[in-house]
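One structure is given here, and the rest of the page talks about it.
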Amino acid sequence: MTKWEFPEDFIWGAATSAYQIEGAWNEDGKGESIWDRFSHTPGKIDDGTTGDIADDHYHRWHDDIALMKEIGLKAYRFSVSWPRILPAGRGQVNQAGLDFYSRLVDGLLEAGIIPFLTLYHWDLPQTLEDEGGWPVRSTAEAFVEYTGVMVSALGDRVKHWMTHNEPWVVADHGYRIGMFAPGRKNTEDAIAASHHVLLSHGLAMPIIREMVDDAEVGIVYNLQRSIPASPSLADRKAAYLSDGEFIRWYIDPIAGRGYPADMVELYGSSMNFVREGDLDIISAPVDFIGVNYYARIIARSTEIPEEENLPRTVFPVDDFTEMGWEVFPEGLYNILGRLHFDYNFPAIYVSENGAAFKDEVGPDGEIDDPRRVAYYKNHLIQASRAITAGIPLKGYFAWSLMDNFEWSRGLSKRFGLIHVDYESQQRILKSSAKYYRQVIEANAVID
Ligand code: FCB
């Protein structure tokens, strides 16, 4: 038996995002978001569901905090719906929206749970999209106004701020391949979007620091190592470019290294949306980086014909999730190492990690999810190894607190520690939630 221990002050949490759980999409003065528009457009969501109600968390937040307490969470990562606060994206503030988050934060603090607030988890006000969305600079400026409103309302109580969740997804899925809201397909727009997202992060940083005493501020990325599918030169190059797309493009500018020249060349972008001084703004020092880790990438070259390439390396595969993602726990250790040893930021959080599996409610009403339990156990062991290796990993957030609206996959993909019956809105702790409670209590994984 091995005991994988964690530091005394390790932060155990779970994460959600506004559009995925809140529902109440048009209540109390909330404006329309790009995800409202997108999910209401026929054909965009695999199972035809929407986030109109989702987990109805907007009305059930109080009970949800009680469940967090039952699991023993020390922290909760949630996001704020920008159009709930500024229905038109800028200008008029919706007090009812602010009150909702203020009550939520008070409830968390009363329960002894540290709030980690993400400002942008993909639900842009539709009015801003109508004015051009992230490909235009004025959206970054509107984000600054929104940040100011949030820090003045909650900065006395919320100390942990995350500007953006997964800028790559915003730019790539939103503007290049159009699989996510707003569903546009234009590569140059996507590159401009990536720049304006990073710029908005950099512009928001000093505002959060100025207005929040003892603020800890960072940004959240979806990260993974890219492994060549074979040792061929072409595949090694493909892996390096994939690393460029996901890691170097988004982290080099934050680390003061600018955009990687090889990627600019590959994209053939004019980069004419980058203004003098932007890169200095973007590289404002962060307190931490949040890593959302789900799987690794196996990169196969598309530049040479398959028959000219070396045969693919056979990787032993353990399991796949319902999303079709490979379960690869060591990849968490690998990516934390890549981030720390190549960039050396002061702290890292695993801001998301988890798995969708088919859950069944047993005859006794219980949900036994052994695959998810194994998933958490094996990933947490890798997190513990990373700490032993000297990586400043300060906390871990399970994705997700509860089953929710999984973007273009709809309500049918369940990532929760807590099962949600969408008809009755009944919540049930899965075995994985009980397992996580034990880990938190022991501050260790026992294998
Ligand atoms: C991440 C998102 C999160 C959730 C998980 C499964 O990319 O940040 O909202 O959908 O994937």
Side-chain angles (χ1 to χ4, degrees), residues 13-23 33-36 38-39 44-47 49-51 54-55 57 76-82 116-124 162-177 179-181 194 197 201 218-224 245-247 250 289-297 320-328 331-332 335 349-359 369 371-372 375-376 379 396-418 420 430 432:
T16 62
S17 87
Y19 185 72
Q20 294 179 278
I21 64 164
E22 285 179 4
S33 82
I34 56 173
W35 270 95
D36 295 316
F38 192 75
S39 71
K44 298 293 186 194
I45 310 299
D46 291 355
D47 61 3
T49 57
T50 70
D55 292 324
H57 172 76
Y76 173 54
R77 174 178 174 234
F78 63 97
S79 80
V80 172
S81 157
W82 183 349
F116 276 64
L117 186 153
T118 306
L119 284 164
Y120 188 74
H121 201 127
W122 308 350
D123 43 357
L124 187 72
M162 294 162 159
T163 53
H164 280 275
N165 181 72
E166 304 189 351
W168 176 85
V169 174
V170 174
D172 183 87
H173 280 32
Y175 293 95
R176 189 179 72 86
I177 64 169
M179 187 181 145
F180 282 5
S194 73
V197 169
H201 155 84
I219 181 166
V220 172
Y221 293 113
N222 53 312
L223 297 178
Q224 62 280 311
E245 178 185 344
F246 288 97
I247 303 183
Y250 288 94
I289 297 287
V291 176
N292 294 352
Y293 173 74
Y294 290 97
R296 66 175 158 185
I297 288 179
F320 284 96
T321 72
E322 273 296 293
M323 301 291 283
W325 298 344
E326 180 194 3
V327 177
F328 185 59
L332 178 60
I335 192 59
Y349 290 94
V350 172
S351 34
E352 286 180 26
N353 177 235
F357 289 118
K358 270 219 166 71
D359 295 321
D369 57 342
R371 289 166 81 194
R372 192 175 286 103
Y375 184 100
Y376 280 120
H379 284 79
Y396 175 94
F397 292 80
W399 183 271
S400 175
L401 174 69
M402 52 190 164
D403 293 340
N404 58 48
F405 181 81
E406 179 45 39
W407 309 114
S408 62
R409 313 301 293 272
L411 291 170
S412 50
K413 297 285 176 274
R414 294 177 174 273
F415 274 91
L417 293 167
I418 298 171
V420 177
K430 301 179 191 175
S432 53

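Both counts, for ligands and for their atoms, begin at 1 and track the order of listing. All figures in this text were calculated on a predicted structure; none of them were measured in a lab. Each residue takes its place number in the sequence, starting with 1. Values below: all heavy atoms of this structure, side chains included; hydrogens, waters and symmetry mates excluded.
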Task: Residue, atom name and distance, where the atom is the protein heavy atom closest to atom 5 (C) of ligand 1 - done: Tyr294 OH, 3.3 Å
TODO: Only heavy atoms count here, so choose which of His173, Lys413, Glu352 is nearest to atom 2 (C) of ligand 1.
DONE: Glu352
Open item on the list: Does any part of the side chain of Lys430, heavy atoms only, come nearer than 4.5 Å to the side chain of Arg414, both counted from C-beta?
Closed with: yes
Open item on the list: Main chain of Tyr293, side chain of Asn353: is a donor-acceptor contact present, judged purely on distance under 3.5 Å?
Closed with: yes
Open item on the list: Please determine whether any non-hydrogen atom of His121 lies less than 4.0 Å from an atom of ligand 1.
Closed with: yes
Task: Those atoms of ligand 1 less than 4.0 Å from some heavy atom in Phe415 - done: 6 (C)
Open item on the list: Quick check: closest heavy atoms across Tyr375 and Tyr294, and the distance to 0.1 Å?
Closed with: OH-O, 3.7 Å
TODO: Mark up the atoms of ligand 1 that fall under 4.0 Å of a heavy atom belonging to Trp122, in ascending order.
DONE: 2 (C), 7 (O), 8 (O)
Open item on the list: Which of the numbered atoms in ligand 1 are under 4.0 angstrom from any heavy atom belonging to Gln20?
Closed with: 3 (C), 4 (C), 9 (O), 10 (O)
Open item on the list: When you compare ligand 1 with Trp399, is there at least one nitrogen or oxygen pair between them that comes in under 3.5 angstrom?
Closed with: no
- [ ] Heavy-atom contacts with Glu166 under 4.0 Å: which atoms of ligand 1 show up? List them by number with element.
- [x] 1 (C), 2 (C), 7 (O), 8 (O)
- [ ] Please test Ile289 against Ile219 for side chain to side chain contact (heavy atoms under 4.5 Å, CB included), starting from the C-alpha separation and ending with a verdict.
- [x] CA-CA 5 Å; Ile289 297 287; Ile219 181 166; 4.0 Å; yes
Open item on the list: Under a 3.5 Å cutoff, is there a donor and acceptor pairing between the side chains of Tyr19 and Ser79?
Closed with: no
Open item on the list: Please check: side-chain N/O of Ser17 versus main-chain N/O of His121, any donor-acceptor pairing under 3.5 Å?
Closed with: no
TODO: Could you list the atoms of ligand 1 found under 4.0 angstrom from a heavy atom of Trp407?
DONE: 3 (C), 4 (C), 9 (O), 10 (O)
Task: For Asn165, atoms of ligand 1 separated by under 4.0 Å from a heavy atom - done: 8 (O)
Task: For atom 10 (O) of ligand 1, the protein heavy atom that lies nearest, with its residue and separation - done: Glu406 OE1, 2.7 Å
Task: N/O donor-acceptor pair under 3.5 Å between Arg371 side chain and Thr321 backbone - done: no
Open item on the list: Tell me whether Asn222 reaches ligand 1 (any heavy atom closer than 4.0 angstrom to a ligand atom).
Closed with: no
Open item on the list: If we count only N and O atoms by modelled type, under 3.5 Å, do the side chains of Thr118 and Asn165 hold a donor and an acceptor together?
Closed with: no
